Amino acid sequence: MTRDEATRLAHDVGKYVARIARNAPAEGPFPAALVPMLVKDLYALPGGKRASERFVELAPDEVAMAPLHAALTEIDALEERVRAGDDEACRRACVRALEVEAALRAYAREAR
């Protein structure tokens with residue numbers, strides 16, 4: 001992966017997908033006020049695309065990207081429940097989003 005590819009992925013996917021996930025409380029009910037923002041971060045990035053769609057557009061065709069694609073596919077599968085504010089689904093989506101962000105940041109650091 002080139003430095004530009006890694007940086008763009010970290011910004012265009014990682015930054016947005018984890019914005020609310022980083023700030024969600026670790027315990028207790030998932031705050032209803034955060035649900036619309038989480039939905040936007042996961043399913044309506046700037047430009048209106050899902051995080052998974054933007055990832056597919058930008059990710060190089062490498063085996064190393066497969067686990068991140070799987071995480072984003074899992075997030076997509078949780079969409080209906082996330083939109084409904086289901087605590088378990090929101091928390092799982094946040095966990096996976098943070099994993100994606102961390103991996104993309106690591107790729108960006110390594111590519112420099």
Side-chain angles (χ1 to χ4, degrees):
M1 176 182 324
T2 69
R3 186 181 89 210
D4 288 344
E5 289 170 332
T7 301
R8 178 162 281 137
L9 272 168
H11 178 270
D12 288 12
V13 178
K15 171 186 170 186
Y16 291 105
V17 78
R19 237 179 348 190
I20 291 303
R22 276 192 305 277
N23 296 301
E27 298 177 358
F30 196 86
L34 295 183
V35 172
M37 291 180 277
L38 180 63
V39 166
K40 184 177 178 184
D41 286 353
L42 302 176
Y43 310 115
L45 297 182
K49 294 187 179 182
R50 298 169 161 276
S52 61
E53 291 172 321
R54 189 68 178 140
F55 177 82
V56 168
E57 287 177 355
L58 297 174
D61 188 21
E62 294 180 15
V63 174
M65 294 287 107
L68 298 180
H69 188 260
L72 290 164
T73 299
E74 181 181 346
I75 288 169
D76 285 350
L78 294 168
E79 182 176 5
E80 185 176 325
R81 292 174 53 210
V82 168
R83 286 183 183 276
D86 177 274
D87 285 343
E88 181 183 336
C90 290
R91 293 208 185 282
R92 181 67 183 160
C94 286
V95 166
R96 297 301 271 165
L98 292 171
E99 291 169 357
V100 168
E101 179 198 33
L104 291 175
R105 285 182 185 266
Y107 285 130
R109 279 191 306 273
E110 291 169 11
R112 290 186 182 158

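In this text, all values refer to a predicted model and were calculated from it rather than measured experimentally. Quick note: residue numbers are just sequence positions, from 1.
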Would you confirm whether R8, through its side chain, and V13, through its main-chain N or O, come within 3.5 Å as a donor-acceptor pair?
->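 No.
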Look up atom CG in L104 and atom OG1 in T7, then write down how far apart they are to the nearest 0.5 Å.
->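 It is 10.5 Å, given to the nearest 0.5 Å.
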First locate atom SG of C94, then atom CG of L42, and finally report the distance between them rounded to the nearest 0.5 Å.
->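 These two atoms lie 7.0 Å from each other.
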Can you see which heavy atom on A93 is nearest to which on V82, and at what distance?
->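 Residues A93 and V82, closest heavy atoms: CB-CG2, 4.0 Å.
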Minimum-distance pair of heavy atoms, taken over all atoms of P29 and D87 |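 Smallest heavy-atom distance, with atoms named: CA-OD2, 3.6 Å.
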Residue pairs fulfilling salt bridge (Lys or Arg N to Asp or Glu O under 4.0 Å) with at least one residue in residues 38-51, sequence neighbours excluded =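 Qualifying pairs: R19-D41, K49-E57, R50-D76, R50-E79.
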Residues which pass side chain to side chain donor-acceptor pair (under 3.5 Å) with E88, listed by chain and number, not counting sequence neighbours |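 E88: no side chain to side chain donor-acceptor pair (under 3.5 Å) contacts found.
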Excluding sequence neighbours, so at least two apart, what forms side chain to side chain contact (heavy atoms under 4.5 Å, CB included) with A111?
->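 Side chain to side chain contact (heavy atoms under 4.5 Å, CB included) list for A111, sorted by chain: R3, A6.
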Side-chain heavy atoms of [X] within contact of [Y], under 4.5 Å:
{"X": "T2", "Y": "P60", "value": "no"}
{"X": "M65", "Y": "Y107", "value": "yes"}
{"X": "F55", "Y": "V100", "value": "no"}

Is [Y] reachable from [X] through a run of I, L, V, M, F, W or Y residues, each pair having side-chain heavy atoms under 4.5 Å apart?
{"X": "M37", "Y": "V95", "answer": "no"}
{"X": "Y43", "Y": "L34", "answer": "yes"}
{"X": "L58", "Y": "L72", "answer": "yes"}

List, by chain and then residue number, the residues other than Y16 in its hydrophobic cluster (Ile/Leu/Val/Met/Phe/Trp/Tyr, side-chain heavy atoms under 4.5 Å); write none if there are no others.
->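 Direct or chained contacts put Y16 with L45.
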Just grab all the side chain to side chain donor-acceptor pair (under 3.5 Å) pairs involving residues 93-104, residues at least two apart or on different chains.
->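 For residues 93-104: R22-E101, E74-R96, R96-E99, E101-R105.
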Go through the structure and list residues passing salt bridge (charged side-chain N to carboxylate O under 4.0 Å, His left out) with D86, not counting sequence neighbours.
->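 Salt bridge (charged side-chain N to carboxylate O under 4.0 Å, His left out) check on D86 returns R81.
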Under the criterion side-chain contact (heavy atoms from CB on, under 4.5 Å), which of V39, V35, L38 is the partner of I20?
->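 Going through the options one by one, the only one that passes is L38.
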